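A short write-up of the structure that comes next.
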Amino acid sequence: MPSTIMASSTTKPIFTPPSTTLTSSSSSSQPPTRSSLLSFLRNTASTPISLKLSHSHPSFRSLSIKNATKTIESAETSPVSKVGAKDTINSQETKPTILVSEKLGEAGLELLRNFGDVDCSYDLSQEDLCKKIASCDALIVRSGTKVTRQVFEAAKGKLKVVGRAGVGIDNVDLQAATEFGCLVVNAPTANTVAAAEHGIALLASMARNVAQADASMKAGQWQRNKYVGVSLVGKTLAVMGFGKVGSEVARRAKGLGMEVITHDPYAPADRARAIGVEVVSFDQAISTADFISLHMPLTPATKKVFNDDSFAKVKKGVRIINVARGGVIDEDALVRALDSGKVAQAALDVFTEEPPPKDSKLVQHERVTVTPHLGASTKEAQEGVAIEIAEAVVGALKGELAATAVNAPMVPAEVLSELAPYVVLAERLGRLAVQLVAGGSGIKSAKVVYKSARDPDDLDTRLLRAMITKGIIEPISDSFINLVNADFTAKKKGLRISEERVVVDASPELPIFSIQVQLSNVDSKFGSAVSGGGGDISIEGKVKNGIPHLTQVGSFSVDVSLEGNLILCRQVDQPGMIGQVGNILGEQNVNVSFMSVGRTARRRNAIMAIEVDEEPNLESLKKIGEVPAIEEFVFLKL
Ligand SMILES: NC(=O)c1ccc[n+]([C@@H]2O[C@H](COP(=O)([O-])OP(=O)(O)OC[C@H]3O[C@@H](n4cnc5c(N)ncnc54)[C@H](O)[C@@H]3O)[C@@H](O)[C@H]2O)c1
Ligand SMILES: O=C(O)[C@H](O)COP(=O)(O)O
């Protein structure tokens, strides 16, 4: 059974492909360009066509002569080739500017300096950050910089990647980043152990009043009876969030002889069981634990999850450790629970507001131990994080897909290399399909059919869908589309993209046998592209020897590589047609690089697909339209 995925829902028509008159072929109206944001992929030797997609705005010229009336329509030509190379981020002329707004390990800075101009400006105000960001290609932050919507707006499309040198990305407005097509990457692994060790340090020092006793001695006291602690062995620790840090804390707590239970709605129970940790419900965890250690991210679902209600359910005298995020605790409720004795002690590394106000009751509370967000602050972790984020940011600026992308699908390297030629095919099919739409028709829905011999579940199409979306939208709007914002932009423009995977009897060696793009409920300026009775514009392509080919236009089979621009003609099948069209193009020194003819029956309708190296002028296209046997034709720009 073919599977269908709805990429986005639709509300209103998105756009109308442009159409102007024959005389409007001048290239003087420069299309809007923005610098090359995130490319989808790097160039690889195995990829026949450059995948480093600079952010140009290639609109297209299209000419069609419809049936007997032979109306000529043309969309304005844009100087595609003039904008591409200049805008490429890693060109020889310009080095990317990387703003580092918080202290980063030297090894990471070194990596960044080898690639771009690094501006280390710490403690910037929001206003200064907004001023600076407009000239930056990348921004690297820790938890202290708030990367708000305002920052993305101020970047005016220049900012391509935000690197979070650490795990938590709650200080980055991910929605805004996605809308602006800005990739967000983090460094999720290098500080795990440091955070877990800090959690254990707080657990032990809280239980034995280390911080309070230390302060008391420094104040000249010797209070042995006052600082009698509690033992850890045999006590129950509830680890809330069994991710990287939580599981390391659990492991260490087991080593201290504690009973460990965990609550994590998403973690696989067998991973916990494997280290002797039982997964329980939230209520069970907090009501049975002697110690509760927090290790979940701050999300809308976890915000203030520890509040008056939850403190009402905890065991009297519970002790709480938080090295996750301050915002998961309602801090006023915690003060109340401490004052009432329901919570005996708390050890906190993180706060709702950082730094917390000087008169914070929580910080000043005598049964609270505090550290200024030091969980990740070991020499080792900071060097590791710096290298991890520098590599991710440099990779993203080079156009590589980041393994630690937070707001884009992570596509494993082996999948990526296999899909690379199909990615090119996908974009080109989208680009061709939209040029077949007649002016005046709004495109509301596109359907993509992937034919493959493989199990549909084995086919990750997110990248392909993004590229088809890019192909459809970019030529006719000023939107810049990448893997980060493709689905968002499609939805915003009311374009619904549905996907279907069809299993076919083909070689399982190839991930995809063919990709078909259908545009529904639109008129076509090339009627032959409309297939069957459904009235959908339909084109299909395959990858042959690593090169994308157009193999079907409407009901006609063709076979032409998708490397240059394309002329599609429908004519009465008769001798001499190739020569006539070839002569017209030859007169203008336009080289035909590839051509193919598909027909329904001998001496009936045929489609000629001609790939040309150069762009024919309007005069030549007009002459092609005037060849008597040619019933309709369209010029498509790739
Ligand atoms: N204090 C520090 O310096 C420091 C250092 C590193 C990490 N952190 C913070 O620690 C937290 C965990 O980091 P990590 O690297 O282990 O992340 P992680 O993504 O590996 O683990 C988070 C876990 O929380 C779970 N989770 C999500 N919602 C939950 C909920 N409602 N209840 C319970 N569990 C839930 C997830 O399923 C996941 O297993 C993050 O908030 C991170 O920002 C702080
Ligand atoms: O989420 C994290 O990685 C930690 O909170 C560390 O934050 P920091 O980089 O500001 O120390």
Side-chain angles (χ1 to χ4, degrees), residues 166-168 187-214 229-280 282 284-286 288-297 302 306 314-315 317-326 328-329 343-350 368-385 388:
V167 188
T189 59
N191 67 22
T192 300
V193 167
E197 287 178 350
H198 198 61
I200 295 292
L202 287 179
L203 168 78
S205 57
M206 171 176 64
R208 302 304 294 271
N209 301 307
V210 172
Q212 290 84 350
D214 175 74
V230 291
S231 186
L232 299 179
V233 70
K235 298 282 167 54
T236 299
L237 169 72
V239 171
M240 309 302 284
F242 199 75
K244 294 182 293 296
V245 179
S247 55
E248 289 302 321
V249 165
R251 231 182 273 277
R252 284 160 177 73
K254 295 284 287 179
L256 295 171
M258 299 185 83
E259 295 294 325
V260 183
I261 54 175
T262 186
H263 169 70
D264 187 325
Y266 313 109
D270 44 348
R271 200 160 55 78
R273 259 184 247 119
I275 57 166
V277 173
E278 193 193 346
V279 180
V280 297
F282 181 83
Q284 207 180 337
I286 64 168
T288 49
D290 302 298
F291 292 82
I292 300 175
S293 191
L294 310 186
H295 301 290
M296 66 268 269
T302 61
F306 285 87
V314 298
K315 213 162 144 180
V318 72
R319 289 173 166 80
I320 293 178
I321 305 105
N322 188 6
V323 290
R325 281 294 176 268
V328 302
I329 296 180
V343 173
Q345 285 181 298
L348 310 171
D349 183 45
V350 283
V368 175
T369 304
V370 288
T371 50
H373 202 148
L374 290 181
S377 297
T378 62
K379 280 185 185 168
E380 296 83 352
Q382 281 313 306
E383 280 304 297
V385 160
E388 198 177 359

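For the numbers below, each heavy atom of this structure counts, side chains included, while hydrogens, waters and symmetry mates do not. Keep in mind it's a predicted model, so treat the numbers as computed, not measured.
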Handout entry: Ring geometry between F282 and F306 (parallel below 30°, tilted from 30 to 60°, perpendicular above 60°)
Key = tilted
Handout entry: For the student: nearest non-hydrogen atoms of V328 and N322, plus distance
Key = CG2-ND2, 3.9 Å
Exercise for the section: Output yes when a side-chain donor or acceptor of N209 lies under 3.5 Å from a complementary backbone atom of Q212, and no otherwise. Expected result: no
Fill in the blank from the handout: On a heavy-atom basis, the closest approach of V385 and A187 is O-CB, 4.0 Å
Problem - Polar side-chain atom of Q382 near backbone of A376 as donor-acceptor pair, under 3.5 Å - result: yes
Fill in the blank from the handout: Closest non-hydrogen contact found for V239 with G246 is CG1-O, 3.5 Å
Exercise for the section: For residues A269 and V279, report the shortest heavy-atom separation together with the two atoms involved. Expected result: CA-CG2, 3.8 Å
Exercise for the section: Verify, without hydrogens or angle tests, whether H263 (side chain) and V280 (backbone) share a donor-acceptor contact under 3.5 angstrom. Expected result: yes
Problem - side chain to side chain contact (heavy atoms under 4.5 Å, CB included) between L237 and E259, worked out - result: CA-CA 6 Å; L237 169 72; E259 295 294 325; over 6 Å; no
Problem - Value rounded to 0.5 Å, distance of CD1 in I292 from CD1 in I329 - result: 9.0 Å
Exercise for the section: With the side chain counted from C-beta on, respond yes when M258 and T236 share a heavy-atom pair under 4.5 Å apart, and no when they do not. Expected result: no
Exercise for the section: Can you establish whether the number of heavy atoms outside R252 located under 6.0 Å from its atom CZ is more than 12? Expected result: yes
Problem - Electrostatic pair R319-D290, nearest N-O below 4.0 angstrom - result: no
Practice task
Measure the CZ-CD1 distance between R251 and I275 for me, rounded to the nearest 0.5 Å.
Solution key: 4.5 Å
Exercise for the section: Ignoring hydrogens and angles, tell me if any N or O in the side chain of E388 forms a donor-acceptor pair with the backbone of A190 under 3.5 Å. Expected result: yes
Practice task
Apply side chain to side chain contact (heavy atoms under 4.5 Å, CB included) to the pair V233 and L256, showing each step before the final yes or no.
Solution key: CA-CA 6 Å; V233 70; L256 295 171; over 6 Å; no
Check: residues 191-207 side-chain donor-acceptor pairs under 3.5 Å, at least two apart:
unit_1, atom_1, unit_2, atom_2, d
T192, OG1, T189, O, 3.1
H198, NE2, T371, OG1, 3.0
S205, OG, A201, O, 2.7
S205, OG, L202, O, 3.4

Handout entry: Note, V368 side chain near L348 side chain (heavy atom, < 4.5 Å)
Key = yes
Completion exercise
When every non-hydrogen atom of A238 is compared with those of A285, the smallest separation belongs to CB-O, 3.7 Å
Exercise for the section: Answer yes or no: is there a donor N or O on one side and an acceptor on the other, between the side chain of T302 and the main chain of P297, under 3.5 Å? Expected result: yes
Problem - Donor-acceptor under 3.5 Å (R271 side chain, F242 main chain) - result: yes
Practice task
Drop me the distance from I321's CD1 to M240's CE, to the nearest 0.5 angstrom.
Solution key: 12.0 Å
Completion exercise
Heavy-atom closest pair (A267 atom, D264 atom, distance to 0.1 Å) is N-OD1, 3.1 Å
Practice task
Supply the atom-to-atom distance Q345 CD to I320 CD1, rounded to the nearest 0.5 angstrom.
Solution key: 11.0 Å
